[in-house]
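In listed order, ligands and their atoms are each counted from 1.
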Amino acid sequence: MYRTHTCGELRIENVGQSVTLAGWVQRVRKMGGMTFVDLRDRYGITQLVFNSETNQELNDRANKLGREFVIQIVGTVNERYSKNANMPTGDIEIIVEELNLLNASEVPPFTIEDQSDGGDDIRMKYRYLDLRRACVRKNLELRHKMCIEVRNYLSNLGFLEVETPMLIGSTPEGARDFVVPSRMNPGQFYALPQSPQTLKQLLMVAGFDRYFQIVKCFRDEDLRADRQPEFTQIDCEMSFVTQEDIIQTFEGMAKHLFKTLRGVELNEPFLRLPWAEAMRRFGSDKPDMRFGMEFVELMDTLKCGIFPVFDNATYIGGICAPGCAVYTRKQLDQLTDFVKRPQIGAKGLVYARVQEDGSVKSSVDKFYNPEQLEALKQKMEAKPGDLILILSGDDAMKTRKQLCELRLEMGERLGLRDKNKFALLWVTEFPMFEWSDEEQRLMAMHHPFTHPMDEDIALLDTDPAAVRADAYDMVCNGIEVGGGSIRIHDPKLQEKMFEILGFTPERAQEQFGFLMNAFKYGAPPHGGLAYGLDRWVSIFAGLDSIRDCIAFPKNNSGRDVMLDAPAAIDQKQLDELFLKVDVK
Ligand code: ASP
């Protein structure tokens, strides 16, 4: 038997027992004639004691143990003289009688401690060592618990977990496909699923009624901050439901997860915000509602033929940062630089301080008289001590998005984005389509299978850009944690949708014939949603990045630095696949 107990379970009640433990050497400390070894496994750390007076030979061997050696010991549980209240096993230690070296270790390239001395790259290269750190392992434990809770919750509601294939055809979710060449079908390729979207819809046609799957999805996108080329969804679909049914079911699941995994009770129904309102008030379809600082539109107040920048604008909006009137010139310059960063792209920032006496001092004082600045203060409902920050531009949507970045930055600076506070909402009534400059056509904002809102169907013929979708996103703390829609189940409407999206009937048939065909055989009304599992775990764990809750993540260039993938393949493999590589 390798062990009688784990390294995390012995307590004062076990004193006097003879035990066998196995694990990794975290640390060896020599103090006089005694040697202390911290023995670690997944469950915790237990202190081992060797005494040169009682057993010189054993003590000498203990002194030769290096970090991360794997050992087994037999010993007796002893009450510690100086207890460590910070450790669950801190009341006891093991007086070792027998020591077996199971495996030696090279000196690890970084310390296996919560506060490691290893940078990101080295820790990713040796991820199996990084995963030995309790702070990383905890995230994966949380992930496991979340999966169990999700499975139980959905199973209790009658959802069936069904696996769908990884080697399929294209599923448009707005990204590029990862493709896999087929040896048996020369010149042909599978695509890895961007999501199981069409397959779960087919399961509804098959009468499965309620489906879910915790499933890998693959999207070949430029890796913007915090994206992974492969990620995991909690993917769900239901038949004979309206948007309200889906929202109720999955809001219930969100509340259940918060309660069981974080001990947070969310009793109120989540706010629902139509997309247009979210954009108007927060400049974002995923507003961070942990704090206010809502946009105030200032066209009427500031566009009055005296300040050319504003006079040429089609949108002027401001936010009011409480207590920031004391910002120094330097801080204001920093904010200006912030909004001018290429990723944000504003041309400049106008600010106005509301002084203690209520008067307003602004960066545009030479254009506006005190009455006009007073009107600005009134409109902003600003109080003494507030700093008013204003952006303008000739594209309202773009300017709102810039102002959104500024709002988030101010929220961050003011400590209003507390990771232990959770603000959840549904964003609804998304536009059905968005114009793509790159493709010069309308694109589905969600995906091409989304049903338009019933009251907007007539607009499909006359004004498609105005059509709203029967779609919804769940947002938590400014992060989209899930989204879905009611689907089209009428083959005629689906055909029309493909047409609006610029598919010729032939291409639609070629790519999605299977779905439209299936719809001819009695497709039930259906809809669903997918939650991003990685994001949920990272929010619950208070992480900045989803990478930290993925066992073997990719880096920002989409590489697995541990496996050194992707990599070139042998000529023989290429030949078998009839592939020629032509990298310029
Ligand atoms: N397949 C969608 C996605 O991956 C979710 C859904 O509509 O259910 O975003």
*In ligand 1, which numbered atoms sit nearer than 4.0 Å to a non-hydrogen atom of Leu529?*
8 (O)
*List every atom of ligand 1 that sits less than 4.0 Å from any heavy atom of His446, numbering the atoms from 1 in the order shown and giving each element.*
6 (C), 7 (O)
*With a cut-off of under 6.0 Å to the ring centre and 45° to the axis, is Arg143 in cation-pi contact with Phe540?*
no
*asked:* Can you confirm, on distance only, whether ligand 1 has an N/O atom lying under 3.5 Å from any N/O atom belonging to Gln197?
replied: yes
*Closest protein heavy atom to atom 2 (C) of ligand 1, given as residue, atom name and distance to 0.1 Å*: Glu173 OE2, 3.4 Å
*Which ligand 1 atoms, with their elements, are less than 4.0 angstrom from a heavy-atom of Gly484?*
6 (C), 7 (O)
*Heavy-atom contacts with Lys200 under 4.0 Å: which atoms of ligand 1 show up? List them by number with element.*
6 (C), 8 (O)
*asked:* Tell me whether Lys492 forms a cation-pi arrangement with Phe519, defined as NZ or CZ under 6.0 Å from the six-membered ring centre and within 45 degrees of its axis.
replied: no
*Please state whether Arg487 comes within less than 4.0 angstrom of ligand 1, counting heavy atoms only.*
yes
*Are any of the side-chain heavy atoms of Thr249 and Met238 separated by less than 4.5 Å?*
yes
*What part of Gln233, side chain, backbone, both or neither, has a heavy atom within less than 4.0 angstrom of ligand 1?*
side chain
*asked:* Aromatic contact between Phe552 and Tyr128, with the criterion being ring centroids under 6.0 Å apart: yes or no?
replied: no
*Take Leu493 and His451 through the side chain to side chain contact (heavy atoms under 4.5 Å, CB included) test and state the conclusion after the steps.*
CA-CA 9 Å; Leu493 185 56; His451 201 283; 3.7 Å; yes
*With no hydrogens and no angle check, is any side-chain donor or acceptor of Asn477 less than 3.5 Å from a backbone partner on Ala423?*
yes
_Using the side chain to side chain contact (heavy atoms under 4.5 Å, CB included) definition, which of the options Asp226, Ile550, Asp548, Ile539 pairs with Asp534?_
Ile550
_Closest approach of any protein heavy atom to atom 5 (C) of ligand 1, naming residue and atom_ = Gly483 O, 3.5 Å
*Has ligand 1 got any nitrogen or oxygen that is less than 3.5 angstrom from a nitrogen or oxygen of Gln194?*
no
*Ligand-residue contact atoms, ligand 1 with Ala530, heavy atoms, under 4.0 Å*: 5 (C), 8 (O)
_Checking side-chain polar atoms at under 3.5 Å, does Thr164 have a donor or acceptor matched by the opposite partner on Gln213?_
yes
*Mind checking whether Phe433 and Leu501 have side chains closer than 4.5 Å, heavy atoms only?*
yes
_Proximity flag Arg219 to ligand 1, non-hydrogen atoms under 4.0 Å_ = yes
*Which one holds for Ser195 and ligand 1: side chain close, backbone close, both close, or neither close, with close meaning a heavy atom under 4.0 Å?*
side chain
